[in-house]
Each structure stands twice: as structure tokens, then as C-alpha cells.
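Every value quoted in this text rests on a predicted model; they were computed, and no experiment measured them. Protein chains get the first letters and strands the later ones, always in sequence-line order, with residue 1 at the start of each.
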Amino acid sequence: MRGRNEPLGAELVSRDAWKGRDVISILDFSRRELESLFAAASEFVGPPKPRKDLADYIVATAFFEPSTRTRLSFTTAALRLGAKVIDLSPDVSSILKGESLHDTTMMLEGYSDLIVMRHPSEGAALLAAELASVPVVNGGDGSQHHPTQAMLDLFTVKRLKGKIDGLTYTVLGDNRYARSATSFLYGLTKFKPKMVYIVSPETLRPRDEVIKQLKGLGLRFEQRAELEQVIGNTDVLYLTRIQKERFPDPNEYEKVKGSYKLTKEVLAKGRSGMIVLHPLPRSTELPYEIDSEKSSAYMTQAHLGVPLRMALLLKVIGGGRS
Amino acid sequence: MGAMTLARRGNLPQNDDQTTMLVRKIPDGSVIDHIAAGKALSVLRLLGNPQENGFTIAMVMNVSSSKMKRKDIVKVEGMEVSQEQVQRLALIAPRASVNIVRAYRVVAKRNAVPPRTLRGILSCTAPTCVSVREKDSAPSIFFLSGKSPLRYRCKYCGRELTEKEISSQLG
């Protein structure tokens, strides 16, 4: 689909040009486009009503890696809009016979009107988007991008804090391999946060290319080693688990395993009104005892995935085939 | 390899500090100057090892340079380096300059300019990049992200290759 999307003129972009676009990185979208998405998603929050906007359309989900929330919320969103969903299961498809991403994508474009793809290789969604004539939505590619998660995270902040600008954010955890954290940081570059603290063990700091990108985009951020240094100033605490499955060397994982954990004692030092977000699934960094805290917002965040993705599907597919 | 012309100036004392190396002028061909010290052989490989096709090569290595402290120079007699070769040359010798010589006179000067986009020339160093895992259907594409030092960014995963990595892949 990329060929049809590029180049997008500045006028088109500023006029909220979602229809027919691939969703590969949140960096591809303007603040105005994101705000328009959030406004549309707000319309879908609350008790669902039967809709037929996408009744003539088929959405394909192709998850080459495990997923609970992204896959199910996309499926739910499509079904709530009246679309039909087909699902590629790598463990029972020709991928087991060695079928390439190229050929798999060429099949999916022939069977569906939009492809939601998750893949362990960085750049897989971009490659699929270049091949397919239908829009491709990146549901996560390796440790690189997870754009719809970042859109959801920012939407949650907007819903719960009333604004995204002017807040202090702390992004704690695996900032090297967690694509959710990277995409959230990229998403913040579209807004005007007061300050962003990036807190992680030394080996889990953001990759060089990410730091370079954040600096280039003018994000005001500082890297810190301890959460306690910054929690008193934090409005939004964004937490990720250590991505065990992405460590090239298991010994490196063992060195950092359990190296950070949110406790009630640390949380008590936080500023009033602070919210805690987590893309889930969690590990030991987020004990269940935190769930009952007033600041915990990650279940709300997960539930908002459906309205956010309903709005996204509707904007990208457009609705009304004629 | 073709004739390598190295000589010590006879009237100078034979110690390293005062040793001067001389290479004779060539009547026709290409003089590639400002190659980073130690890269002359890589340059020859990038040019397709012209000595194997009968061209005479003269080469000086590790000579003093006001611009680069130390540099290598390669002269290829009888062969004119093309603009396309000059572009590729920029990947391992980004500060190189090429003089085209005819009848002992420089008739053209070509500076190595790194191409903005490279397709299928470099390999991404990220083992999980789609251009590595699906290389049969996704040839590598790199965009120039820095000239000094030279850097190229993978289109698919964003990983940057350093000048050293580029040089080691091509050298």
C-alpha cells in the first residue's frame, strides 16, 4: 500500500489523511491526525451499539508472535463495526512449510481489505505494506514499532488526565527491547510534554538510533537510573516488563531479571493524581497488589484498545464501499 | 599485482623519519588520492582488482597528509575510474578524490560522493531485521544518514552502520 500512500502532500497530511494509509510507525502521523483519531475513538467509549459501517469488509489478522490484547481488540473492533475477520495462524499454516513473508502477504492481500500484522522481525510490517495493495497495520514488529499501542496509550492519557501536553512522563523498564516503550516515546514527540524521564537498568537503555531519533525530534528527556529520583514529579508512569524473548544472550537476561519492581511504598511517593500505565502482559515488575491502587490505570488502558482500534479501522478502511 | 614503484631518495640518510617514497607519474589512467591509511587494497578490490585484468598498479601506503595525517594513494595505469565506481568508492574511502589522467595531464577530477540510497550492497547487522531474515524477498536498502563519519541507516529496522562496519563489509 505504500506506493499509494507516498508521497503524501503536506496539505493532505494536515487535512487528516487516514483513509487507505498503512499504519507502520506512530512517527508517520501528525499531531492533528492523532487528535482526530482520539476524538473518533471517544465516540465508541461506553456500551457498544450494533454497527454495520464495515459490513462489506474483511479484516485479516496475521500474528506471527503471541498476542492477547492487540489481536483480540482488533478482532473485537472489527466485529463491532460489522466487518468479518479471517485469521492466519502461523502454527497451522504454510509458514510451517517455510512460506516466506512475501508470499504470505500476497495471499492475505487477495483475501482481505486490511491486514493487521505482528511479526518478530523489525521492518516486517513495512515490507508487507510495500507488497500489499491493501492497508497494513503494524501490530508490532520485533523490538521496533507498535504504533496502535502508542496511540492507545496516548488516548488513555487524554481520557484520564484530560490532556497530553504539559505533563511529566516517566517511562520505566525495558526501554531497549520493548517496542511499546519506544513507540510511546515516539508518540510523545508529537506533543509537548513538560519532561520525559527514561528510567532503566544500564543494559536496557534505549538503543542509539532511538536516542538519536528522540533528540532529532526535540523531545525533552533525561535518562535516570532510579524511579525514586523522579516519581515525585511524575504525572504518568509508563511501565514495561523485561522482554525476555528478545534477548540475544539468555545470560544477559539473567543479569537484569527482577531488577526493578513497582511497590506500594514507592508508589506512595508519587504525586497525587499520577496514573500508572502498562501495555501488559506483566511480569514481576508490576505486582497484583498494585491493581487496587487508585493510580493503576492499565486495565482501563487495555479496555480502551477496542474503541481506539474501532476508530482506526473506520478511518483507514473508510466505510461505505460504494 | 602490477609494478609497485617504491624508491628511497638516495641522498637522504636511511632512517624512517626522513624516508620519502616516490611513485612515477602515469601517462593515462586514474589517481585515487586521500584514501584512509590501510585501505588501498580494499579500494583495489572495490574496483574489481584491475591488476588481474592486466592493468599496472602503483600504490603508496601510509604517507603523510596535511588533511588526513596518514593516507594511501592508488594509481591505475590505463584505466579510467567511472562515476559509478567513484560513488561506490565513497563507501570505503569517503574522502577520496579521483584524478583522470590523459597524456600526463589531469583532464577530470571526481570526488567520492556517498550515494543517498544503497540497494543490495550492504547487509544489516541486526540479526532480527526483516532484510536479514527474509533476504530472498527483501533486498537490503540503506539510506545515507551521515557523511563524516560515514553512516548508513537500514530502511527496515533503523539500525545504523558505522564507517568501520561499512568498510569491513566491503573491504
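- Put simply, the side chain of A/Q144 gets close to the backbone of B/Y156: a donor and an acceptor are under 3.5 Å apart.
- Nearest heavy-atom pair, B/C129 versus A/S121, reported as atom, atom and distance to 0.1 Å: C-CB, 4.3 Å.
- At a 4.5 Å heavy-atom cutoff, B/R153 makes no contact with chain A through either its backbone or its side chain.
- A 6.0 Å sphere centred on CZ of B/R88 holds no more than 12 heavy atoms belonging to other residues, nucleotides or ligands.
- Heavy atoms from other residues, nucleotides or ligands lying under 6.0 Å from CD of A/E202 number 12 at most.
- Remark: A/K212 NZ is packed, more than 12 non-hydrogen atoms of other residues, nucleotides or ligands lying under 6.0 Å away.
- Within 6.0 Å of CZ on B/R119 lie no more than 12 heavy atoms contributed by other residues, nucleotides or ligands.
- Checking side-chain atoms of A/E209 against main-chain N and O of B/G158 turns up no donor-acceptor pair under 3.5 Å.
- Ranked by non-hydrogen atom pairs under 4.5 Å with chain B, the options A/H145, A/R246, A/E122 are led by A/E122.
- Environment of CZ in B/R102: sparse, with no more than 12 heavy atoms of neighbouring residues, nucleotides or ligands closer than 6.0 Å.
- Summarising the geometry, atom CG belonging to A/L127 is positioned 7.0 Å from atom CD belonging to B/E134; distances are rounded to the nearest 0.5 Å.
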